[in-house]
Number of protein chains: 2
Amino acid sequence: MKLDERHLIQLAAVINAGGVTEGAELLGMTQPAVSRTLALLEKRLGEPLFVKGRRPLRPTPFGRALADHGQAMLLSSRKASELVDNFRYGRAGTVRVAGTQFFMDALISGLIADFHNERPDVRIVQSYGYMPDLQDAIRADRVDLAICPVDVLDGDDMEFQSILPGRNVVACRVTHPLLLKRKLKGPEVLDYPWIAPPPNSPLQADMRALLLSFGSTGVSVPYIGGSLASAINYLTRTDALTILPHGVVFAYRKVGDITALPLRVPHPQRALGILRLAGSPQSPAVTAFTNHIATSFGKLSELIKRHEQSVVWKA
Amino acid sequence: MKLDERHLIQLAAVINAGGVTEGAELLGMTQPAVSRTLALLEKRLGEPLFVKGRRPLRPTPFGRALADHGQAMLLSSRKASELVDNFRYGRAGTVRVAGTQFFMDALISGLIADFHNERPDVRIVQSYGYMPDLQDAIRADRVDLAICPVDVLDGDDMEFQSILPGRNVVACRVTHPLLLKRKLKGPEVLDYPWIAPPPNSPLQADMRALLLSFGSTGVSVPYIGGSLASAINYLTRTDALTILPHGVVFAYRKVGDITALPLRVPHPQRALGILRLAGSPQSPAVTAFTNHIATSFGKLSELIKRHEQSVVWKA
DNA sequence: AAGTTTCATAGCAATTTGCTATATTATATG
DNA sequence: CATATAATATAGCAAATTGCTATGAAACTT
């Protein structure tokens, strides 16, 4: 026999609270409403749920057994309500964020940690990718937002919010011999081995362009394909050089292992920012996350600018 | 935010079944009804539950999380329905049965076992008592039915269904010396020690009346207060006698340890039977149990009658 | 590109839900 | 034992919800 779930929940509330009046209050209903429900239930079941004529309302064994199931439903219902509330205020949910490896690893992962200190119940699903794929992923709803460098946006279905200028620098360890030179021209960098950024990354193209601008023909590139952690480790143990977004070097300023050469690198017309679907309704958690990233960089921007001057233009 | 439990259940059904049509069928509803529910839910929540425009209907993470709670409720609901069905057909529930010790122990406990072979999920709560208390217990709804000897019924709120004539016999072990006597008069029984039935039991009054009818003044009564198992054990190891309902001796015929003296015992105007509240609606399990007891004794009655003749009137 | 399947929408009758006001009943109190 | 008090049941009514059938609109299949 199929019966209404809400009826069982009311039954459970009444039995738990120890009375129709209290049970009704527990559910935010009036006493007559609940009373009628119970009468209806008994009538339909053809079995008494309460020992009639007893004031400290006593359920029959049957009533109690039914109420147990109602109680289970009441708990589930409560949890569902809580879930909804959390979700609506962006305190729960899932954010699927993608981006370029170095940038995600160096800067975004830390911001995610900060975000989780505020909203620990939001799940972050992170993935990596480069520009055309990122755009596809967003369009295919595999990803909510991407954090990546963008020069030209094709298609007007996307919205791009810039958070950082796309400056690159030549990175090396802090004890690198080139840092001792008084006037660093440029071509000297061709004398050192270079680490190549991940294949197909915009950074790789940037590096090629940079080396060509110094007249490179055959620079030694002995290490390719490592992610950020590998690159940093390698850098700190050799005199190798590589190209990195300035933001990445900035992120590692506290560690003190690597820095940038005081060398002007021609930077492309490109900005790092947040890419997402234009005008599409985002879940509150995604909105909150996007805002967090944007405002975090807003606060960082002055710091980053000063750092750039002190490192790149020093001496 | 409070939301309708049935809506969540429908959501769960749809996601589990993998489509609105299948989900609706699962719940015994039509597709438009469920479709509307989902639309309403999404509208109220302000969040999409499904990735729109995809045929193998794909839920959003939020939708899936909500559906999980709905699934829990669906399971609870199913179990509740099952409980109701079982209860309505007397396959589940509780039967509170009370009665006189000897009779319950000797005969009813076995019938309860038979009953449970048919309906294992009915819980039997057994208690002991004598007549006035039993009636009170029934009236106070502490007990569903009583199985006991009744002579006169006071009050017309009770219904009594006779199942066995209230015959008593003098019980002894099968090797008792009195069984060897050709013609047993009666007063010989006064030469042996007697076990007294539990205090306040009708049997105790019967025994007193019996001994008086044989002219007793001071019979030896060395053992008092034991329940049936104790009495039987004691009987089989001594030449003691006691008074027992014939039905009890009948129940132990297979064991072969005790029997009855071929002695006519004046029996009171009394019948063993089932006592319950008249006209009151009984739970199906109680009805089924009552019927089981009544029909079992119906089948036994011929057997019991023959046994009585063979034992009491033999020789 | 047509066919098939599946989902969404519309309209309507019946049920259910909620409320307030009030009657009834059970316990507590004098 | 009557009366006071608290709790539950009932009545009546407006609004929301539920169910259905019929039908339109997409999305996959072929």
Rounding to an integer number of Å, can you tell me how far A:L40 CG sits from D:dA11 P?
14 Å

Contacts to DNA chain C from residues 19-28 of chain B, heavy-atom cutoff under 4.0 Å, which residues?
B:G19, B:V20, B:T21

Which residue lies more 5' along DNA chain C, comparing B:Q31 with B:K2 via nearest heavy atoms
B:Q31

dist B:M131:CE -> B:S201:OG (nearest 0.5 Å) comes out at 14.5 Å

Cationic N near anionic O, under 4.0 Å, A:R276 to A:D144
no

Whole-Å distance, B:M29 CE to D:dT21 P, equals 12 Å

Crowding at CZ, A:R64 (>12 non-hydrogen neighbours, <6.0 Å):
no

Kindly say if B:R6 contacts the phosphate of D:dG19, meaning a side-chain N or O under 4.0 Å from OP1 or OP2.
yes

Is it the case that more than 12 heavy atoms not belonging to A:Q101 sit under 6.0 Å from its CD atom?
yes

To the nearest 0.5 Å, what is the distance between CG (B:N291) and CD (B:Q282)?
10.0 Å

Protein-nucleotide distance (B:E42, atom CD; C:dC7, atom P), rounded to Å:
13 Å

Any A:R44 side-chain N or O less than 4.0 Å from OP1/OP2 of C:dT15:
no

Would you say a side-chain N or O of B:H7 is under 4.0 Å from OP1 or OP2 of D:dT17?
no

Rounded to whole Å, CZ of A:R36 lies from C1' of C:dC19 at a distance of 9 Å

Could you check how far CG of A:L38 sits from C1' of C:dG18, rounded to whole Å?
15 Å

Mark yes when over 12 heavy atoms from residues, nucleotides or ligands other than B:R123 sit less than 6.0 Å from its CZ; otherwise mark no.
no

